[in-house]
Amino acid sequence: QVQLVESGGRLVQAGGSLRLSCAASGRTFSSYVMGWFRQAPGKEREFLSAINWGGSVTYYADSVKGRFTISRDNTKNTVYLQMNSLKPEDTAVYYCAARTTWGSGWTGNEFRYWGQGTQVTVSS
């Protein structure tokens with residue numbers, strides 16, 4: 001089992017940048033594929049990005065490709081989401097999640113462990 005705790009969310013102006021962190025504890029962090037999701041009020045959960053076990057392969061949703069960057073530091077048991085050129089529509093609660101396999105869908109149902117989320121608010 002792995003426990004996930006997100007941090008870094010705050011109020012930021014449009015066009016600004018923010019880096020979210022997700023610290024993991026429990027079983028070996030490098031055993032997990034890590035992903036980031038978000039959910040805005042009244043909207044469904046949205047997949048944003050994923051990174052493989054060693055950090056050599058990443059995958060992005062079209063909505064954030066070129067603006068967001070996922071990375072991980074297995075020595076610190078942490079995955080990051082660097083968010084640039086933020087827009088008001090990026091306002092949401094951001095979650096990190098962990099799964100043991102790569103591919104076969106990115107709906108969120110494939111991820112076994114979830115953090116509690118961190119609020120990101122982008123003002124216009």
Side-chain angles (χ1 to χ4, degrees):
Q1 188 172 352
V2 62
Q3 293 79 41
L4 304 174
V5 179
E6 302 93 337
S7 62
R10 62 176 176 87
L11 174 65
V12 62
Q13 288 189 335
S17 297
L18 207 56
R19 189 177 81 158
L20 304 182
S21 299
C22 173
S25 61
R27 293 183 59 186
T28 305
F29 178 66
S30 59
S31 299
Y32 294 95
V33 170
M34 300 300 297
W36 283 97
F37 293 76
R38 68 185 178 191
Q39 188 165 20
K43 295 188 176 181
E44 293 187 352
R45 180 178 60 198
E46 178 187 11
F47 167 78
L48 301 177
S49 183
I51 189 166
N52 75 338
W53 307 267
S56 61
V57 179
T58 57
Y59 179 64
Y60 295 93
D62 289 341
S63 58
V64 302
K65 195 176 298 182
R67 295 193 302 127
F68 291 10
T69 302
I70 191 171
S71 62
R72 68 189 296 165
D73 186 339
N74 287 346
T75 66
K76 297 182 179 179
N77 286 1
T78 302
V79 62
Y80 304 97
L81 186 68
Q82 176 67 43
M83 305 186 294
N84 299 327
S85 302
L86 284 163
K87 308 172 183 178
E89 50 264 43
D90 292 319
T91 295
V93 177
Y94 284 69
Y95 300 90
C96 67
R99 61 188 281 185
T100 57
T101 60
W102 180 266
S104 301
W106 302 100
T107 64
N109 295 332
E110 310 83 3
F111 287 77
R112 182 173 182 181
Y113 302 106
W114 292 81
Q116 293 300 305
T118 185
Q119 176 71 47
V120 172
T121 303
V122 184
S123 63
S124 57

- Message: Using a 3.5 Å distance criterion without hydrogens, assess whether the side chain of Ser63 forms a donor-acceptor pair with backbone atoms of Ala61.
- Response: no
- If two hydrophobic side chains count as joined below 4.5 Å and joins carry through other members, does Val93 share a cluster with Val5? no
- Item | Main-chain N/O of Ser30 paired with Thr28 side-chain donor or acceptor, under 3.5 Å | no
- Task: Would you confirm whether Gln39, through its side chain, and Glu44, through its main-chain N or O, come within 3.5 Å as a donor-acceptor pair?
- Result: no
- For Ala24 and Leu4, the nearest pair of non-hydrogen atoms, with its separation, is CB-CD2, 3.6 Å
- Note, Glu110 side chain near Arg99 side chain (heavy atom, < 4.5 Å): yes
- Without swapping roles, check the side chain of Thr118 against the backbone of Gly9 for a donor-acceptor pair under 3.5 Å. yes
- Are Leu81 and Val120 connected in a single hydrophobic cluster, I mean Ile/Leu/Val/Met/Phe/Trp/Tyr linked by side-chain heavy atoms less than 4.5 Å apart? yes
- Any chance the side chains of Thr78 and Asp73 put a donor and an acceptor closer than 3.5 Å? no
- Task: With rounding to the nearest 0.5 Å, note down the distance linking CD in Gln82 to CG in Leu20.
- Result: 9.0 Å
- Message: Between Glu6 and Gln116 (side chain of the first, backbone of the second, donor and acceptor by atom type, cut-off under 3.5 Å), is there such a pair?
- Response: yes
- Task: Evaluate the side-chain proximity of Val79 to Ile51: yes if any heavy-atom separation is below 4.5 Å, no if none is.
- Result: yes
- Should Met83 and Tyr94 be marked as a side chain to side chain contact (heavy atoms under 4.5 Å, CB included) after you check the CA-CA gap, both sets of side-chain angles, and the distance that decides it? CA-CA 11 Å; Met83 305 186 294; Tyr94 284 69; 3.6 Å; yes
- Query: Are the side chain of Thr91 and the backbone N or O of Val122 linked by a donor-acceptor pair below 3.5 Å?
  - Reply: yes
- Item | Gln13 vs Ser123, side-chain hydrogen bond (donor to acceptor under 3.5 Å, both in side chains): CA-CA, chis, key distance, verdict | CA-CA 5 Å; Gln13 288 189 335; Ser123 63; 5.0 Å; no
- Task: Considering non-hydrogen atoms only, spot the tightest contact between Thr58 and Ile70 and give its length.
- Result: CG2-CG2, 3.6 Å
- Geometric class of the Trp53/Trp102 ring pair [parallel <30°, tilted 30-60°, perpendicular >60°]: tilted
- Task: Report yes or no: does Asn74 contribute a side-chain atom to a donor-acceptor pair with the main-chain N or O of Asn77 at less than 3.5 Å?
- Result: no
- Query: Val12, Phe68: one ILVMFWY side-chain cluster at the under-4.5 Å cut-off?
  - Reply: yes
- Counting heavy atoms not belonging to Glu89, are there more than 12 under 6.0 Å from its CD? yes
- Are Asp90 and Lys87 close enough for a salt bridge, meaning some N to O gap below 4.0 Å? no
- Item | Parallel, tilted or perpendicular: ring planes of Phe47 versus Phe37, cut at 30 and 60 degrees | perpendicular
- Item | NZ or CZ of Arg72 within 45° of Phe29 ring axis and under 6.0 Å | yes
- Can you tell me how far CG of Leu48 sits from CZ of Arg38, rounded to the nearest 0.5 angstrom? 5.0 Å
- Parallel, tilted or perpendicular, as decided by the 30° and 60° cut-offs, for the rings of Trp106 and Phe111: tilted
- Pro88 and Ser124 have their tightest heavy-atom pair at CG-CB, 3.9 Å
- Same apolar cluster (I L V M F W Y, side chains within < 4.5 Å links), Tyr80/Val2: no
- Task: Can you see which heavy atom on Thr69 is nearest to which on Tyr60, and at what distance?
- Result: CA-OH, 3.3 Å
- Task: Answer with yes or no whether the hydrophobic clustering places Val64 together with Leu86; edges join I, L, V, M, F, W, Y residues whose side-chain heavy atoms lie under 4.5 Å apart.
- Result: yes
- Message: Ignoring hydrogens, what is the shortest heavy-atom contact between Met34 and Ala98? Give both atom names and the distance.
- Response: SD-CB, 3.6 Å
- Query: For the atom pair CH2 (Trp36) and SG (Cys22), what is the distance rounded to the nearest 0.5 Å?
  - Reply: 5.0 Å
- Message: How close do Asn52 and Gly55 get, counting heavy atoms only, and between which atoms?
- Response: OD1-N, 3.0 Å
